[in-house]
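All remarks here apply to the structure that follows.
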There are 2 protein chains.
Amino acid sequence: MSTDAVMLAAMAADAAQEPAKVSAVDRLVEQIRDLVRERALVIGDALPTERDLGELFQAGRNTVREALQILKAYGIVEVRPKIGAVLSDRHEDAVRKLFSFQNDISPASFLDVQGYRRIIETGVGDHLILHASAADLDHLDAVNDRILQNRSVDEAARGDFAFHEALVSLAGNRTLLASYRLLQPVITHIMRVGKAAKPVQIDTHQAHAQIINALRARDRVAYVYLLSRHLEFGLQFVGTEAAPGAQGS
Amino acid sequence: MSTDAVMLAAMAADAAQEPAKVSAVDRLVEQIRDLVRERALVIGDALPTERDLGELFQAGRNTVREALQILKAYGIVEVRPKIGAVLSDRHEDAVRKLFSFQNDISPASFLDVQGYRRIIETGVGDHLILHASAADLDHLDAVNDRILQNRSVDEAARGDFAFHEALVSLAGNRTLLASYRLLQPVITHIMRVGKAAKPVQIDTHQAHAQIINALRARDRVAYVYLLSRHLEFGLQFVGTEAAPGAQGS
DNA sequence: GTCTGCGATCTTGGTCCAACAAATAGGCAG
DNA sequence: CTGCCTATTTGTTGGACCAAGATCGCAGAC
């Protein structure tokens with residue numbers, strides 16, 4: 001009978017293109033996702049209880065819990081005591097957290113991040129100079145003005161990031177915005193370091209205003225120059241060594 | 001090193017912003033990460049067994065397993081039956097998978113991704129025109145020439161992506177490269193669609209060669225034009241509706 | 001005596017169950 | 001309406017069993 005078992009296993013493996021090594025947990029993850037889809041559940045809706053899920057899919061509660069841990073790590077489920085697992089929209093946060101996990105293992109330098117920002121925001125400028133409407137630029141002004149109300153270093157950093165995020169979002173490209181937001185924790189910390197050394201809300205506000213004016217004037221050269229200078233200004237607080245490429249534009 | 005230290009502090013601060021309502025599972029995730037750090041374990045090294053971890057950290061084995069499921073979802077651990085949990089370098093894959101999770105492929109996202117690529121690769125070009133060495137450009141040629149050897153559509157898509165990846169990597173910015181690689185599954189899928197409609201290795205190779213020549217000539221206008229045309233060429237197979245912003249530059 | 005081959009045993013992850021603690025929604029009494 | 005109580009649900013633990021690989025030891029061959 002052991003030969004029969006081997007034969008069956010071989011046939012099963014042959015039938016399914018992917019190895020038949022699907023664990024019950026992985027199967028449950030898929031089944032729960034299918035359940036969400038077929039019931040057309042939306043953010044905020046609750047899944048069945050762990051015990052019900054176990055009975056529904058013929059699995060033990062611990063197995064269900066392990067599957068829920070994975071879904072939780074993916075940010076598509078949030079489990080609240082007594083209520084159960086509810087569908088969450090924390091997916092982006094999960095991606096961000098995972099991304100910073102990586103940087104923990106192999107830390108990228110701040111200079112690298114600033115170089116990245118220069119490329120992104122310069123590229124955005126090329127688009128904005130051609131397509132930004134007056135309302136877009138007024139919106140940038142409004143976001144920028146909010147910086148003046150910030151009190152703490154932390155608030156100022158958030159406000160600063162909000163401006164640059166608004167700038168990037170004006171390009172209207174979701175992928176670009178998502179990748180920029182991925183670096184939010186690193187970018188805001190760069191800002192915190194700079195602002196802790198010397199609180200400069202007014203300077204920041206003015207630098208941003210000049211950038212907006214360059215956009216209004218459709219002056220690409222001025223935009224690139226002002227943006228680069230603005231990014232370099234923050235750099236002076238975090239290190240002195242030469243940038244490893246892509247720093248100069 | 002100071003920059004690394006600050007970077008780690010940024011990550012830690014960001015991770016610790018949540019209240020002290022840590023569950024035993026979350027605590028275990030941290031403890032296991034600390035264990036890896038303090039024992040200086042490297043990729044391929046094995047963690048203690050689940051039972052040992054439970055005894056070490058005063059936790060039940062099921063709790064340990066739930067923590068391992070999270071680490072597994074993060075791609076920093078791979079658990080091989082009868083061997084144990086070993087440190088894995090699949091983290092980037094996990095990030096990629098998570099990133100393109102639920103961001104299901106739709107024509108709109110195709111256009112979005114191509115717009116993203118235009119911004120990125122144009123920005124890279126600004127840097128390359130000023131700083132690329134002859135060796136860099138020769139390397140691009142070599143990568144490009146490999147496309148001619150590709151047989152299947154899948155190989156051709158991989159080769160195409162390899163060229164653009166090499167282009168981006170020449171900027172020398174790790175953050176930029178990481179974010180570009182994040183979109184690898186989506187980008188290669190776009191390429192597959194285009195190449196399935198009409199196998200065009202030679203056309204692709206020629207378009208790439210022209211782009212390289214523009215870089216050799218330090219001709220920014222030609223580079224942007226050729227690159228845009230090249231990206232638009234792939235677009236014609238994926239949809240017809242107007243791009244929602246950031247498509248024209 | 002030493003080496004090899006084979007099987008028993010041990011270890012380890014995979015899954016499940018039972019039990020208890022903690023938290024809380026919802027009902028119930030005042 | 002308020003405050004308490006209970007039932008339900010998640011959080012956590014320990015234990016049990018299984019399957020499969022790793023290990024060890026024993027017996028037989030050279």
Side-chain angles (χ1 to χ4, degrees), chain A residues 1-13 18-32 35 41 44-88 90, chain B residues 18-32 35-36 41 44-88 90:
Chain A
M1 60 170 178
S2 73
T3 56
D4 283 3
V6 173
M7 178 76 83
L8 288 177
M11 291 177 66
E18 47 186 79
K21 59 181 291 295
V22 281
S23 74
V25 175
D26 295 334
R27 177 174 52 85
L28 264 177
V29 170
E30 282 308 312
Q31 284 177 313
I32 293 175
L35 183 75
L41 300 180
D45 287 350
L47 269 60
T49 69
E50 294 174 352
R51 289 176 180 85
D52 288 345
L53 284 174
E55 188 188 358
L56 185 58
F57 296 129
Q58 295 297 311
R61 192 163 83 96
N62 286 101
T63 310
V64 173
R65 283 184 57 80
E66 289 183 20
L68 286 179
Q69 290 288 353
I70 293 178
L71 293 175
K72 211 162 57 175
Y74 284 0
I76 68 180
V77 137
E78 221 166 313
V79 57
R80 285 200 274 270
K82 174 63 182 175
I83 298 297
V86 301
L87 290 186
S88 162
R90 284 304 186 84
Chain B
E18 50 206 59
K21 54 188 291 292
V22 286
S23 72
V25 174
D26 295 334
R27 177 174 52 84
L28 264 177
V29 170
E30 283 307 311
Q31 284 178 313
I32 293 176
L35 183 75
V36 169
L41 300 180
D45 286 350
L47 269 60
T49 69
E50 294 176 352
R51 290 172 176 88
D52 287 344
L53 284 174
E55 189 189 356
L56 184 59
F57 296 129
Q58 295 297 309
R61 189 162 83 95
N62 284 310
T63 310
V64 173
R65 282 185 57 78
E66 290 184 19
L68 286 178
Q69 289 289 351
I70 293 178
L71 266 353
K72 210 163 59 175
Y74 284 180
I76 68 179
V77 139
E78 217 166 318
V79 48
R80 289 201 265 271
K82 328 320 159 201
I83 305 293
V86 302
L87 288 187
S88 162
R90 285 306 182 89

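In what follows, chains carry the letters A, B, and so on, assigned in the order in which the sequence lines appear, proteins first and then strands, with residues in each chain numbered from 1. Heavy-atom basis, side chains included; hydrogens, waters and symmetry copies ignored.
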Between B:Glu55 (CD) and D:dG14 (C1'), how many Å, whole number? 14 Å
Give the minimum heavy-atom separation between A:Ala46 and A:Leu41, together with the two atoms involved. O-CD1, 4.4 Å
Using the side-chain heavy atoms of A:Arg61, tell me which of these nucleotides is nearest: D:dA22, C:dA19, C:dT15. C:dA19
Among D:dG15, D:dC17, C:dA18, the one nearest B:Arg51 by side-chain distance: D:dC17
How many Å lie between CD on B:Gln31 and P on D:dT12, as a whole number? 12 Å
Expressed as a whole number of angstroms, how long is the span from B:Leu47:CG to C:dT11:P? 20 Å
Quick check on C:dC16: is either OP1 or OP2 less than 4.0 Å from any side-chain nitrogen or oxygen of A:Thr63? yes
For the student: nearest non-hydrogen atoms of B:Ala59 and B:Leu28, plus distance: CB-CD1, 3.7 Å
Which nucleotide, C:dT15, D:dT12, D:dT10, lies nearest any side-chain atom of B:Ser23? D:dT12
Is any side-chain heavy atom of B:Ile32 less than 4.5 Å from a side-chain heavy atom of B:Leu47? yes
Just checking A:Gln58: base, sugar-phosphate only, or nothing, at a heavy-atom cut-off of under 4.0 Å? sugar-phosphate
B:Arg65 side chain near C:dG14 phosphate (N/O to OP1/OP2, under 4.0 Å): yes
Which whole-number value in Å describes the distance from B:Leu68 CG to C:dG13 P? 9 Å
On DNA chain D, nearest-nucleotide positions of A:Gln69 versus A:Ile83: which is more 5'? A:Ile83
Measure CD1/A:Ile70 against P/C:dT15 and give the value in whole Å, please. 10 Å
Shortest non-hydrogen contact from A:Phe57 to A:Arg27? O-NH1, 3.6 Å
Nearest whole angstrom, please: distance from the P of C:dT15 to the CZ of A:Phe57. 16 Å
Given atom CG of A:Asn62 and atom C1' of D:dT13, what is their separation to the nearest angstrom? 9 Å
Between C:dG14, D:dT12, C:dT15, spot the one nearest the side chain of A:Glu66, thanks. C:dT15
Is the shortest side-chain heavy-atom distance between A:Val86 and A:Val79 below 4.5 Å? no
Quick one: is A:Arg80 getting a side-chain N or O under 4.0 Å of the D:dT10 phosphate, OP1 or OP2? no
Whole-Å distance separating the CG atom of A:Leu53 from the P atom of D:dT9: 12 Å
The nucleotide from D:dG11, C:dG14, D:dT12 with an atom nearest the side chain of B:Val25 is D:dT12
